[in-house]
Amino acid sequence: MPKTDPVGDMQMSKAPSLLRLQNVSKSFQEGSRERIILDSVSLTVKPGEIVVLLGKSGTGKTTLLNCIGGIDLPSDGQVFIQETNVTLLSEQERTLFRRNHIGFVFQFFNLLPTLSVEENVLLPLELKKGRLTREDRGLAMELLDSVGLGDRLKSFPDRLSGGEQQRIAIARALVHDPFLLLADEPTGNLDFDTGLQILDLLEQLSRRNGKTLVMATHSREAIGFADRILTVKGNQLIENSGR
Amino acid sequence: MGPILWKSFFRSLFHHPWQLVFSLIGVALGVGLVVSIDLANDSAKLSFKLSTESAVGRTTHHITGSDGTVSADLYRQLRIEKGIRPSAPIVEGYASAVNFPGYSFRILGIDLVVDRPFRAHLTGMENLPLLDLTALISDPGTIILSEDMATSLGLAVGNSLLLRVGSITHKTEIVGLLKPQDRLTKLALANFCITDIATAQEIFHTEDRLHRIDLIIADDKKGTAQLQAIEEFLPQGTEIIRSSTRAEHIETMMRAFQLNLTALSLFALIVGMFIIYNAITFSVVRRRQLIGTLRCLGVTRSQIFTLILTESMIVGIIGTLLGLLIGILLGKNLVHLVSRAINDLYFVLSVNSLEISFYSIFKGMGLGLCATLIASLGPALEATAASPRTIVTRSTIESRVQKMSPKLALSGIGMGVLGVVLLSVSGKNIILSYLGLFIIMLGCIMVTPRLITSIMGALQPIALRVAGILGSYAARSISTNLSRTSIAIAALMIALASTIGVGVMIGSFRTSVIHWLDTLLKADFYVSAPRLVATRGSASLDEELVTRIRAIEGISHVGSYQWFDIVGRQGRTPIGVMEVVAPSRKNYIFKQGNPETIWDTFQQGKGVLLSEPYAFRHNLNAGNNISLRTESGMKDFPVLGVFVSYNSDQGVVMISRTLFKKFWHGKGVSALWLYAEEGADSGAIEQKVRNLIPPGQTVEIRSNKLLRLETLRIFDRTFAITAVMRLLAMIVAFIGVITALMALQLERQREFGILRATGFTPYQVSGLILVQTGLMGVVAGLLAIPVGLITALVMVFVINRRSFGWTLQLDASPEIFLHAVLLAILAAILAGVVPAIKIAVSPVSAALRDE
């Protein structure tokens, strides 16, 4: 296994990749037996690419995203993001890396119920910068306008519909200017039309801001927005043809 | 950390106000109880200290005799022949105010001419006009009171005040009022009554004797030489001691009593800690989604830890402040119970108000905050230790607890063994004994989760057979929610066990006292002078009255008793002078010594008897020698036997009248016991005794049944504070369990919503909740029985013995255990009522949404 510097500029990747998975495996212990979810999966994603991970429930899409985002560690293999070997980072370093460079969009939105719309969006910025400036607030406002919710700044999540909550979640995922956007079933909890709107919004904002997006979904409609389509099946990642 | 992150966390506190209220109740009640006992204890101590300091003034040493008196001649010789100045004679004691029941005064008889250097704060001219002082010297029976006390009794200068010492009432006249300027002096002088030494001698019937001679001796070479000269001059049987020695001895007397009260209040704080732990764990579990999301967004573990601890400390601070308020309010009531118990057990103490010391307040704050911190550390660490992925899954916590429970149980057994070892090696140290008990209890708590799983595993098939899937589900969900149910059950179990322990201890004590009284009180009548301290009758009966009673026809035997103290450098030795008559001999239960031969040797003055607590405290046994200060110096006396006595925890050295006459000075008796001749009319004898009492004298005449009843009444009174503490600890436990179980059920609203959605009727779901909480109550109650028994055994045979020196008969009345189990079930069912009603009245959709 090549030596890597976990946080610094790295010799590992000479190709212009933003994300690189190298023989990533993940298994869980279930009682006395080991359940393999991912088995030696490799992947390279270029900057600005939109990658859609398809697959049935339970095939390992969320696990893969968790390994990419540093929420979970692979049992084996390595994950590089912008030349940083995430798997070699300590828990604290992974947290800080996530804070600064990754944006998450969840199936169940996971907005903080105790914060207003504006505060939810500002939180990642606050975590990243420590203190918020007027420009930061302006940026949040701009993003909220772009998701069509500029007039709901002071509302709390429980007052919003599912689609509105997911739009806020997208704004939150982008506000701190991450390298990488990870979306886990972003339309899984929405009706068809709203789901399409969300996919559209995700694509638009990712492309406009030059973000790399990796989206796990079982929605076939997402295919239309993807640069690359991958399917998680039988513990493996299978590349499909692009659009 | 930025403000938005703080907001994200803290706003949820107010989204669940009942959870906040539960946490506050936990902290507030725990702290409140500890502070109230601390303040009550401190007020009693402060009152005693100030009163003693006021009486002592600038005195550095005093001279006292072996029977607590010295001859007035000795004072004259010292002052005039030896030129020892400053020196001042003192006659002092306590008297009760006849017209004001419950009020007693500390009478300080001083020589106003020579006293000024000692107690200028009492007799200084700034305090009193010259006229008052002149009246005090020239007119016998005149006194000076503090202005505050006089006002509160509605008395003024010129009014008379009837003071009773022993059986005799004295009429005194108020000629002046002390007007202390500052609060502490006011407090110190509240029950002071200053009089001229001649009046005091008359009141206390000391004739030409003084209680002590006060001296001011410089702490330098000259002073040392003076001290040596005085010591050489003093006749045998008198001693010069530092004035602080006496106060130290009295404070030592109260120590065990106060320590036990503090320990009881700490039980309440421990239960309070469970409530906090439960509330914080609950708040973490409830917000696992929020914490998980924050972690995904890049909030670090240490930030989550800080957020949780800060939140709990805010609750801790508010709860502690509320607790301090509760403590002060409760303390105002408890101080009377504490001072009454001290009055009954040890010495006269007048505590008129609760003194709020900053030390107690700080201690209470420290305890409240530390308890909150300790209770919150576990949940905070749990929340931060897990990865962002696992925080989101509740099952992770449960499976970890399930996996941990056998190891925890083993560690618990280890703790139990450690506790027992600590108890066996702690000697007479009460604090270590309590620590041993706490460690054993902690061990029991650690075994609880494993026991719950086993009990529920056994109950599940029965529940399935009796109530179908619903019943099985109710039993199983207690095991599957072990992280939450075990805390609630353990809290309830410990609270109940401690109440069982205290209950059995009081019950055992009472049974032992009843047995002792039944054996001891065999005479037909008991005649005594009214006493200020219930367990000590130092006041004397009128000598002429005693002589006339002895001569009454129809009385076969008359026994007598007299108390006095030997106060010296070694401390205070309570002495009981007993005149034993033939029928009384078999009334004593001996722990050591031969009852067949003991009495003859005792009557001949060839040795002394020790009560059990005295022998225990001083490591003495039959056959040893005890050294006592007599009027002819220190003398050794053989210990003939050790007898059972629950009269005083300080114990007593019993000597015969023969021995007393030979080595000590003094006369009079405090109590007589009369045996009627066979066939004599006891009613007529009682009437004859009553007829002999001259006007102005108060004498108590009681049959053995009445004396037994009164002794038990005093016993119950001295334990009133303990019983109140037990009750309060039970209330804390009751509230704690209700809050813990209610929180648990409210958290499961969504689960119940699903049951409703799948076809369960509101009644079925409500029934399920009540069955679950009821089952938890049953388990807690059942577990509390063995743990309570262990607690009771430790309290009866270890802590009580080490605190007071008594051997008690264990009386583990089944009622105490039954009450505990019923209380557990009642608390548990009550805890289920609110969630049951909530689920019954709320729409299914609302319950499903509830998260």
Side-chain angles (χ1 to χ4, degrees), chain A residues 26 28-31 62-63 65-67 69-73 90-106 108-116 118-132 136-137 140 156-158 169 172-173 175-176 178 182 184, chain B residues 1-17 19-20 283-284 286-308 311 381 383-393 395-396 399-400 402-403 750 845-846 848-851:
Chain A
K26 181 72 187 175
F28 293 104
Q29 201 70 33
E30 276 185 357
T62 301
T63 304
L65 285 189
N66 283 346
C67 288
I71 286 175
D72 212 346
L73 278 176
S90 68
E91 211 288 323
Q92 171 83 358
E93 288 166 335
R94 283 203 312 280
T95 305
L96 296 178
F97 188 84
R98 203 161 54 235
R99 174 190 287 188
N100 294 325
H101 305 303
I102 297 175
F104 274 102
V105 179
F106 305 93
F108 295 102
F109 329 129
N110 285 2
L111 293 181
L112 301 173
T114 48
L115 295 182
S116 68
E118 185 190 28
E119 288 165 340
N120 260 290
V121 175
L122 282 169
L123 179 63
L125 267 183
E126 185 188 271
L127 286 171
K128 187 174 181 177
K129 302 171 80 173
R131 183 172 289 186
L132 294 171
D136 295 327
R137 292 183 188 277
F156 279 84
D158 60 348
R172 181 179 70 180
V175 74
H176 58 302
L182 299 173
D184 187 7
Chain B
M1 284 191 286
I4 296 177
L5 185 57
W6 286 111
K7 275 186 208 171
S8 72
F9 217 74
F10 292 143
R11 276 186 189 156
S12 74
L13 260 185
F14 301 100
H15 280 206
H16 297 272
Q19 186 61 37
L20 181 65
S283 82
V284 168
R286 183 170 45 73
R287 284 183 291 188
R288 56 191 183 274
Q289 184 90 31
L290 181 123
I291 294 169
T293 305
L294 287 174
R295 293 281 286 118
C296 287
L297 294 176
V299 176
T300 61
R301 281 179 171 163
S302 58
Q303 284 177 318
I304 295 287
F305 185 77
T306 310
L307 284 168
I308 294 173
E311 179 189 279
L381 286 171
T384 53
S387 76
R389 184 183 61 81
T390 53
I391 287 171
V392 184
T393 53
S395 59
T396 316
S399 62
R400 205 167 60 221
Q402 294 279 3
K403 214 180 281 179
R750 196 164 190 276
S845 56
L848 283 170
R849 255 201 325 268
D850 192 58
E851 181 58 29

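So that the names make sense, note that chain A is the first sequence line, chain B the second, and so on, each numbered from 1.
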Inset, instruction - Go through the steps to decide whether A/Thr95 and B/Val299 satisfy the test side-chain contact (heavy atoms from CB on, under 4.5 Å), and finish with yes or no. - result: CA-CA 7 Å; A/Thr95 305; B/Val299 176; 5.8 Å; no
Legend entry - Separation of A/Phe104 CZ from B/Thr293 OG1 (nearest 0.5 Å): 10.5 Å
Inset, instruction - Heavy-atom distances under 4.5 Å only: say whether A/Leu122 touches chain B with side chain, backbone, both or neither. - result: both
Legend entry - Intermediate values then yes/no, side-chain contact (heavy atoms from CB on, under 4.5 Å), B/Thr300 and A/Arg99: CA-CA 9 Å; B/Thr300 61; A/Arg99 174 190 287 188; 3.8 Å; yes
Legend entry - Part of A/Leu132 within contact of chain B (heavy atom distance under 4.5 Å): side chain
Inset, instruction - Using a 4.5 Å cut-off on heavy atoms from C-beta on, say whether the side chain of B/Leu297 contacts that of A/Asn110. - result: no
Inset, instruction - Can you measure from OG (B/Ser8) to CG (A/Leu115) and round to the nearest 0.5 angstrom? - result: 5.0 Å
Legend entry - Shortest non-hydrogen contact between A/Leu127 and B/Leu5, atoms and distance: CD2-CD2, 3.9 Å
Legend entry - chain B contact via A/Arg172 - side chain, backbone, both or neither, heavy atoms under 4.5 Å: side chain
Inset, instruction - Mark yes or no for whether A/Glu119, through its side chain, and B/Ile4, through its backbone, hold a donor-acceptor pair below 3.5 Å. - result: no
Legend entry - Sidechain N-carboxylate O distance under 4.0 Å for B/Arg295, A/Glu91: yes
Legend entry - Reported CG-to-SG distance for the pair A/Leu182 and B/Cys296, which is rounded to 0.5 angstrom: 10.0 Å
